[in-house]
*Asks:* 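A single structure is presented below for examination.
None of these values were measured; they are calculated from a predicted model.
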There are 2 protein chains.
Amino acid sequence: MNECPESDAQQNGSDRVVSYFKERILKGELKVGDRVMPERELAQHLDVGRPLLREVMKSLVMLGFLNVRQGSGTYIAKADIRVLSDFFTFCLSQEQDVLEDVMQARMAIECQAIRLACERANESDLARIGQWLGTLIDTLTDPEAGGRADFMFHQSIVAASHSRALTTLYGAMAELLHRSHVQRRATTYRNPEIVRVLVDAHREVFLSIVAKDPDQADRRLRDHFAIGDELRRRSLIETYRGAPAKQTN
Amino acid sequence: MNECPESDAQQNGSDRVVSYFKERILKGELKVGDRVMPERELAQHLDVGRPLLREVMKSLVMLGFLNVRQGSGTYIAKADIRVLSDFFTFCLSQEQDVLEDVMQARMAIECQAIRLACERANESDLARIGQWLGTLIDTLTDPEAGGRADFMFHQSIVAASHSRALTTLYGAMAELLHRSHVQRRATTYRNPEIVRVLVDAHREVFLSIVAKDPDQADRRLRDHFAIGDELRRRSLIETYRGAPAKQTN
DNA sequence: ATCACAAGATTGGTAAGACCAATTATTTGA
DNA sequence: TCAAATAATTGGTCTTACCAATCTTGTGAT
């Protein structure tokens with residue numbers, strides 16, 4: 001039966017199960033939505049015990065490759081990159097000064113995305129970006145809503161690149177940065193002058209996209225990041241100068 | 001959302017185990033290298049069966065958060081982003097035209113990295129990049145070694161950014177692109193004129209880094225990608241013109 | 001004949017016990 | 001004192017059993 005000399009060789013049992021799914025999925029024999037064999041049957045087929053099979057399947061479920069419905073069966077799922085967010089969270093908890101680092105990665109993604117957006121954005125995309133820009137202006141006094149509009153503005157730009165890879169990578173990072181930047185953003189938004197500069201920067205970025213000028217859009221976005229960084233830093237200094245040695249949980 | 005203070009509430013059992021590790025790791029109570037409780041003991045402590053506990057732990061092992069040594073115990077491991085490579089592989093197998101997409105992401109990372117490299121590269125970094133450029137020139141006739149030198153050249157640039165996030169993301173993508181681009185590279189390297197253009201492009205990129213000019217480096221790298229893309233496309237057309245309608249099973 | 005509801009079958013969820021294999025700790029003998 | 005043998009610890013895996021959710025099917029009322 002299983003005299004397949006290559007893959008089903010004398011593997012670790014656990015590896016055999018992984019190989020089973022890996023090969024079938026990569027070969028396209030198992031497509032999204034397909035149902036896999038019942039656990040007991042599959043365990044017998046692969047010559048492993050059900051607990052071991054379940055260990056591996058549980059891993060694949062956590063990675064988002066399988067979708068399991070009790071009583072019904074287990075199905076191939078469309079891999080969702082949202083799990084990357086959790087993964088990054090874990091990774092970053094083990095490192096110190098990676099926040100700046102991730103910010104760099106985010107900038108990388110977004111600057112590339114805005115170039116693509118200049119080429120591929122349609123009216124609907126532009127409308128959405130413009131809409132969030134409007135919301136941003138309308139919510140200048142509300143740190144919460146304003147921050148959200150800010151985030152959605154950038155998100156819309158990335159979405160307008162129509163690149164799944166960029167969008168998903170960006171999403172994973174954005175959520176991560178969200179946590180640590182909310183407070184700063186709240187602080188920043190209290191200064192009306194800073195708000196004006198930021199709004200102008202956003203508007204210019206938006207106009208560059210409308211003008212379909214990738215280089216200009218890239219440059220303006222980069223400037224925007226640099227300015228935002230500087231402003232945040234200055235605002236932070238001011239905060240600490242007013243209330244030194246403030247403990248943040 | 002439902003951050004109940006006593007997270008060991010009446011959860012899914014499976015979730016209870018995940019929470020156990022998640023909280024302790026994020027809180028720093030479990031640090032890299034620490035040993036976790038024996039399975040049987042931990043299972044009893046969390047009031048779950050050993051198989052269920054093992055399912056979750058297996059998942060964490062596959063994600064690289066745990067390192068297990070039979071007979072010795074289970075230890076907290078430094079999360080390795082290399083697993084992202086496998087993850088991407090799975091993801092991409094479920095999508096059609098994502099290759100171009102991932103190429104965009106790679107370009108994004110590398111262009112940002114080269115900007116940082118212009119600021120942060122030290123003599124050692126520059127030497128390494130230059131060394132691979134030399135290797136690249138020395139192995140013009142060897143598609144295998146030449147391709148490797150090409151890859152290492154770009155890798156060195158990203159490494160010179162001294163950004164862990166960028167480096168790991170780049171690594172995940174590079175390995176992925178490696179598979180599908182090896183053939184094209186082999187094809188490309190047969191044309192001496194193309195080789196000359198590529199070598200010049202690499203040299204210019206390198207010189208921009210040495211000159212510490214981020215904008216120029218970014219632009220030249222972008223041009224390099226565009227040219228490489230164009231050349232590959234042309235070379236591909238030529239290939240298919242010679243042998244049209246080749247069926248691949 | 002059709003539909004609703006209930007009983008049974010299928011399938012995942014979890015637990016318990018047992019045994020094997022690798023490692024580590026302990027004991028014992030030279 | 002040291003090294004080999006032995007025991008204890010710990011992960012690796014299988015088997016069995018039972019519970020819970022879902023699906024299938026059969027039966028009875030309309």
Side-chain angles (χ1 to χ4, degrees), chain A residues 1-2 7-22 24-25 30-80 83, chain B residues 7-22 24-25 30-78 80:
Chain A
M1 187 184 293
N2 47 7
S7 52
D8 274 14
Q10 72 303 349
Q11 282 182 334
N12 192 0
S14 170
D15 293 340
R16 209 156 56 237
V17 181
V18 174
S19 295
Y20 174 82
F21 285 103
K22 191 168 184 175
R24 316 254 152 169
I25 290 180
L30 283 178
K31 292 215 299 271
V32 175
D34 286 356
R35 211 188 103 173
V36 308
M37 254 180 277
E39 290 185 355
R40 294 164 175 86
E41 196 176 337
L42 183 55
Q44 192 172 354
H45 178 54
L46 293 177
D47 194 33
V48 297
R50 191 152 89 100
L52 178 54
L53 174 67
R54 280 183 57 81
E55 283 180 16
V56 178
M57 289 182 73
K58 177 81 171 187
S59 301
L60 296 179
V61 168
M62 288 194 129
L63 281 168
F65 295 119
L66 292 181
N67 185 323
V68 53
R69 295 207 295 265
Q70 182 177 175
S72 172
T74 304
Y75 304 81
I76 307 291
K78 193 156 105 31
D80 192 344
V83 306
Chain B
S7 54
D8 273 14
Q10 74 302 353
Q11 284 180 336
N12 193 3
S14 171
D15 294 339
R16 209 156 56 235
V17 181
V18 175
S19 294
Y20 174 82
F21 285 102
K22 191 168 184 175
R24 316 255 151 169
I25 291 181
L30 283 177
K31 292 216 297 275
V32 174
D34 287 354
R35 213 189 101 173
V36 307
M37 253 180 279
E39 290 184 355
R40 295 166 176 83
E41 195 176 338
L42 184 54
Q44 192 173 353
H45 177 53
L46 294 177
D47 193 33
V48 297
R50 193 153 88 101
L52 179 54
L53 174 67
R54 280 184 57 81
E55 283 180 18
V56 178
M57 289 182 71
K58 178 80 168 187
S59 300
L60 296 179
V61 167
M62 287 193 128
L63 281 168
F65 295 119
L66 293 180
N67 186 322
V68 54
R69 295 206 296 266
Q70 182 177 175
S72 173
T74 304
Y75 304 82
I76 307 290
K78 194 160 101 31
D80 193 344

*Asks:* Between atom CE in B:Met37 and atom P in D:dG11, what is the gap in whole Å?
*Replies:*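 Between P of D:dG11 and CE of B:Met37: 11 Å.
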
*Asks:* Using a 4.0 Å heavy-atom cut-off, write out nucleotides 12-17 of chain D from 5' to 3' as B (base contacted by protein), S (sugar-phosphate only) or - (no contact).
*Replies:* BBBB-B

*Asks:* On DNA chain D, does the nearest nucleotide to B:Thr74 precede the nearest nucleotide to A:Ser72 from the 5' side, or the other way round? Give the residue.
*Replies:* B:Thr74

*Asks:* Measure the distance from CD on B:Gln44 to C1' on D:dT10 and round it to the nearest whole Å.
*Replies:* 15 Å

*Asks:* Please examine the side chains of B:Leu42 and B:Phe21, heavy atoms only from C-beta on, and report whether any two atoms are closer than 4.5 Å.
*Replies:* yes

*Asks:* Taking side-chain contact (heavy atoms from CB on, under 4.5 Å) as the criterion, tell me which of A:Asp34, A:Leu60, A:Asn67 meets it with A:Ile76.
*Replies:*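 Running side-chain contact (heavy atoms from CB on, under 4.5 Å) over A:Asp34, A:Leu60, A:Asn67 with A:Ile76 returns exactly one hit, A:Asp34.
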
*Asks:* What are the two closest non-hydrogen atoms of A:Met57 and A:Val36, and how far apart are they?
*Replies:*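 Shortest heavy-atom contact: CE-CG2, 4.3 Å.
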
*Asks:* Determine the minimum heavy-atom distance between A:Glu39 and A:Arg50, stating which atoms define it.
*Replies:*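 The pair with the smallest heavy-atom distance is OE1-NH1, 2.5 Å.
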
*Asks:* Quick one: on DNA chain C, does A:Gly73 or B:Gly71 contact a more 5' nucleotide (nearest heavy atom)?
*Replies:*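 Going by which nucleotide is closer to the 5' end, it is A:Gly73.
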
*Asks:* Could you write out each protein N or O paired with an N or O of nucleotides 5-8 of chain C at a distance under 3.5 Å?
*Replies:*
none

*Asks:* Under the side chain to side chain donor-acceptor pair (under 3.5 Å) test, which residues partner A:Arg40, sequence neighbours left out?
*Replies:* none

*Asks:* B:Leu66 has an atom CG; how far is it from atom P of D:dG11, in whole Å?
*Replies:* 11 Å

*Asks:* Can you tell me how far P of D:dG11 sits from CG of B:Asn67, to the nearest Å?
*Replies:*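 Nearest whole value for this atom pair: 12 Å.
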
*Asks:* When you measure from the side chain of A:Arg16 to the backbone N and O of A:Asp47, does any donor-acceptor pair fall under 3.5 Å?
*Replies:* yes

*Asks:* Check B:Ala43 against B:Leu53 and note the closest heavy-atom contact, atom names and distance.
*Replies:* N-CD2, 3.7 Å

*Asks:* Could you give the CE-to-P distance, from A:Met57 to C:dG12, as a whole number of Å?
*Replies:* 7 Å

*Asks:* Spell out, as yes or no, whether a donor-acceptor pair under 3.5 Å connects the side chain of A:Arg54 to the backbone of B:Pro51.
*Replies:*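 Such a contact is absent between A:Arg54 side chain and B:Pro51 backbone.
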
